[in-house]
Trainee: 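Encoded as structure tokens, here's the structure I'll be asking about.
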Amino acid sequence: MYFGKVKHQNHDRLPPNQQVTSGWPVLHVGDVPYYNKDLSNWDLRIGGLVDRPTVLTFEQLLSLPETSQQNDIHCVTGWSKFDNEWQGISTRAIADHVGIREEAKFVMVEAEEGWTTNVPLEDFLAETSLLAYKHNGESLTPEHGYPLRVVIPHLYFWKSAKWVRAIKFRSVNQQGFWERNGYHMYGDPWKEQRFAWD
Ligand SMILES: Nc1nc2c(c(=O)[nH]1)N[C@H]1C(S)=C(S)[C@@H](COP(=O)(O)O)O[C@H]1N2
Ligand SMILES: [Mo]
């Protein structure tokens, strides 16, 4: 039965206690930065345990090899959005560009207004992770992270920082903004790692 098949597929794709949404909710703390397409004051700083600490303009970022990814995203508040198409730079291309040192095991991602989130290096460098500037063929809107956001689809979506401005490679796992406020250090949606005590 067709209906049954779709339901079964959704079950396989939908982590526990999530619901599929066709829209795209906007969630964050703080203010949306508006650049009005002028990125002359924008840069991306990449540092910490790397061989070549680097500051990239948006143009320089675009000169790195482009990647496309299709994935499902899962917000800890309970919505999941299927079949997102992203274009951007693979996190591995960034890593190759700066040279990650042996001692680096974790990543702290920093966004506008000092918002942060932490992920293990391995997850940051997963083949499915990227720094995205386009969603479904369109430039990101200001609300969804223009000009650049992280997308790490296999973790709850709070790990996918909007308005990313810095990437710091670290030897220890420090807490980011939500992690300091009770959210899980890792955030696997399939294991429902929502809060620190899950
Ligand atoms: N800079 C920044 N990025 C952020 C957040 C934030 O507050 N600030 N919130 C996170 C959370 S909790 C979620 S669910 C997603 C929401 O992304 P969306 O608004 O594009 O759906 O962004 C994540 N990235
Ligand atoms: Mo979230």
Side-chain angles (χ1 to χ4, degrees), residues 13-35 39 41-46 56 58 61 69-89 91 94 106-120 123-124 126 128-168 174-198:
R13 289 176 73 178
L14 194 61
N17 295 306
Q18 295 290 112
Q19 298 210 348
V20 178
T21 176
S22 55
W24 190 4
V26 171
L27 266 110
H28 54 260
V29 290
D31 297 320
V32 175
Y34 289 97
Y35 291 96
L39 295 178
N41 290 320
W42 186 94
D43 58 25
L44 179 68
R45 288 172 295 126
I46 308 160
L56 294 174
F58 197 69
L61 183 87
Q69 297 282 345
Q70 188 171 334
N71 58 40
D72 302 339
I73 56 180
H74 312 290
C75 174
V76 70
T77 60
W79 56 266
S80 292
K81 181 172 171 58
F82 286 172
D83 295 320
N84 301 278
E85 216 180 286
W86 307 93
Q87 256 116 51
I89 310 295
T91 50
I94 294 284
F106 300 93
V107 179
M108 186 66 81
V109 177
E110 296 180 10
E112 296 283 345
E113 298 190 342
W115 192 89
T116 52
T117 188
N118 58 297
V119 286
D123 297 88
F124 182 78
T128 46
S129 300
L130 78 160
L131 304 182
Y133 43 71
K134 279 189 180 177
H135 177 267
N136 290 352
E138 308 277 350
S139 187
L140 292 176
T141 60
E143 292 73 20
H144 287 299
Y146 177 89
L148 190 73
R149 76 175 302 157
V150 175
V151 178
I152 301 181
H154 68 285
L155 300 179
Y156 278 126
F157 206 41
W158 90 79
K159 299 286 185 181
S160 294
K162 306 195 272 193
W163 317 300
V164 55
R165 293 297 302 272
I167 297 164
K168 306 260 174 79
Q174 292 163 326
Q175 295 170 315
F177 177 84
W178 281 121
E179 293 81 6
R180 275 197 304 279
N181 287 282
Y183 279 68
H184 200 277
M185 281 299 261
Y186 186 63
D188 182 343
W190 299 94
K191 294 183 179 159
E192 280 199 84
Q193 295 173 338
R194 298 174 192 270
F195 304 107
W197 52 85
D198 283 334

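We number each residue from 1, following the sequence as shown. All ligand and atom numbering here is 1-based and tracks the order in the structure.
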Trainee: Please work out whether the ring planes of Phe157 and Trp86 are parallel, tilted or perpendicular, with thresholds of 30° and 60°.
Mentor: tilted
Trainee: State which residues pass side-chain contact (heavy atoms from CB on, under 4.5 Å) with Asp31; sequence neighbours excluded, sorted by chain then number.
Mentor: Glu113
Trainee: Any chance the rings of Trp163 and His28 have centres within less than 6.0 Å?
Mentor: yes
Trainee: So what's ligand 1 close to, N/O to N/O, under 3.5 Å?
Mentor:
residue	atom	partner	partner atom	Å
ligand 1	1 (N)	Lys162	O	2.9
ligand 1	3 (N)	Lys162	N	2.9
ligand 1	7 (O)	Val29	N	2.9
ligand 1	7 (O)	Trp115	NE1	3.3
ligand 1	17 (O)	Arg149	NH2	3.2
ligand 1	19 (O)	Leu27	N	2.9
ligand 1	19 (O)	Lys162	NZ	2.5
ligand 1	20 (O)	His144	ND1	2.6
ligand 1	20 (O)	Arg149	NH1	2.7
ligand 1	21 (O)	Trp24	NE1	3.0
ligand 1	21 (O)	Pro25	O	2.7
ligand 1	24 (N)	Ser160	O	3.1

Trainee: Could you tell me whether Asp83 atom CG has more than 12 heavy atoms of other residues or ligands within 6.0 Å of it?
Mentor: yes
Trainee: Tell me whether Gln175 contacts the main-chain N or O of Arg180 through its side chain, where contact means a donor paired with an acceptor under 3.5 Å.
Mentor: no
Trainee: Would a distance-only check, ignoring hydrogens and angles, find a side-chain to backbone donor-acceptor pair under 3.5 Å from Lys162 to Leu27?
Mentor: yes
